[in-house]
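All values reported here derive from a predicted model rather than from experimental measurement.
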Amino acid sequence: MEAAMATMVNSVLLMVIVFVATVHCDCTGVRDKDNELLTLLKPLQGKTYTISDSVEYNYQLAVCSDVGKRFTGVGVLQYPMAVTPTANNSKVVGRITNTSIKNGTDWVYLEYGGGDKYTSHCTSESRNAHIMIICNSDQQDEPSVTLVEENNEKSTECYYLFEMETSLVCRKSKSNSGGLGVGSIVVICLFVLVLAYIIIGVLFNRIVMGAKGLEQIPNFHFWQQFGELCADGCNLVCRCQPHQEPRSYKGMDDQLTTHDENLENDDTLLPM
């Protein structure tokens, strides 16, 4: 019972944190306004990206659109390197008519199914393309697309994994909204007030009071003594030692008189 409850709690937490929205749809048949994810990826639609595995094959990939006019409904196409893809030398890896879309905080996941069947791998099941579109704020122009792996060593659920980096799926930062913070507004207001105080004070002292030189500065004598006032305030508040009167100098005659008085006081204390 406890194990079942723990599994349920973990599942709920995973759904809350990741916030995955899954939509099974025909990419060419869903209107942009009906799907927020397709609206997010709209700038990528209608473009074909060519990827090479640097060994044997090239791949053409499109996001919710055909890779070419001759390959209607094809989202990912595989063909040999150094040749032009045709219907005879190409393999359909995934079709946009069999699409699954998921998204998280800063990524979008596309899965194209319904590709051509394997000949000798994966129990002759249909090929599938997995496209992981991740956030890269530095990738402002064309996205970077790479083939991560072809997993065909399993008996079922084989796939081709592609990775696309783009800034389109990056979460918008509130700090980049262009608005001023409270601190910035306070600093600007204080600066304006100080500037107005100086300008108005100088004009008043010069025109009305006839002041010249440094006397034109508003409250010049106050600011001139401001440093001393701050020092006195710091001395009063911060120093904890009591104030001591300076020790005065006593001459020899005063010291002898004091000594004689002390002797007389001592004699009165002696027993008779």
Note, [X] side chain near [Y] side chain (heavy atom, < 4.5 Å):
X    : Y    : value
P143 : L44  : yes
V169 : C135 : yes
L110 : M164 : no
I133 : I131 : yes
V148 : M132 : no
S52  : N58  : yes
S144 : N136 : no
P218 : N205 : yes

Is [Y] reachable from [X] through a run of I, L, V, M, F, W or Y residues, each pair having side-chain heavy atoms under 4.5 Å apart?
X    : Y    : result
Y49  : Y112 : yes
M209 : I200 : no
L147 : V74  : no
L41  : I51  : yes
I101 : L40  : yes

Which pair of heavy atoms, one from [X] and one from [Y], lies closest together, and at what distance?
X    : Y    : answer
I96  : T99  : O-OG1, 2.7 Å
Q139 : E165 : CG-O, 3.3 Å
T86  : N89  : N-OD1, 2.7 Å
V76  : A129 : CG2-CB, 3.8 Å

If I take atom [atom1] from residue [X] and atom [atom2] from residue [Y], how far apart are they, to the nearest 0.5 angstrom?
X    : Y    : atom1 : atom2 : result
Y79  : N88  : OH    : CG    : 15.5 Å
I217 : Q224 : CD1   : CD    : 9.5 Å
S54  : M81  : OG    : CE    : 6.5 Å
D141 : D138 : CG    : CG    : 11.0 Å
T119 : K117 : OG1   : NZ    : 11.5 Å
I198 : N219 : CD1   : CG    : 11.0 Å

Between [X] and [Y], is there a donor-acceptor pair closer than 3.5 Å when you use the side chain of the first and the backbone of the second?
X    : Y    : answer
R206 : Q216 : no
S126 : G114 : no
Q225 : F222 : no
D116 : V92  : yes
E125 : E157 : yes
N98  : R95  : no
T48  : V67  : yes
S65  : Q45  : no

Hey, are Y159 and N151 close enough side-chain-wise for a donor-acceptor pair under 3.5 Å? yes
[atom1] of [X]: more than 12 outside heavy atoms within 6.0 angstrom?
X    : atom1 : value
E228 : CD    : no
Y197 : OH    : yes
F71  : CZ    : yes
K154 : NZ    : yes
N235 : CG    : yes

Can you confirm whether or not the ring centre of Y59 sits under 6.0 Å from the ring centre of F162?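 So the answer is yes for these two rings.
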Can you tell me which residue among H130, E149, E150 is in a side chain to side chain contact (heavy atoms under 4.5 Å, CB included) with Y160?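 Answer after filtering H130, E149, E150: E150.
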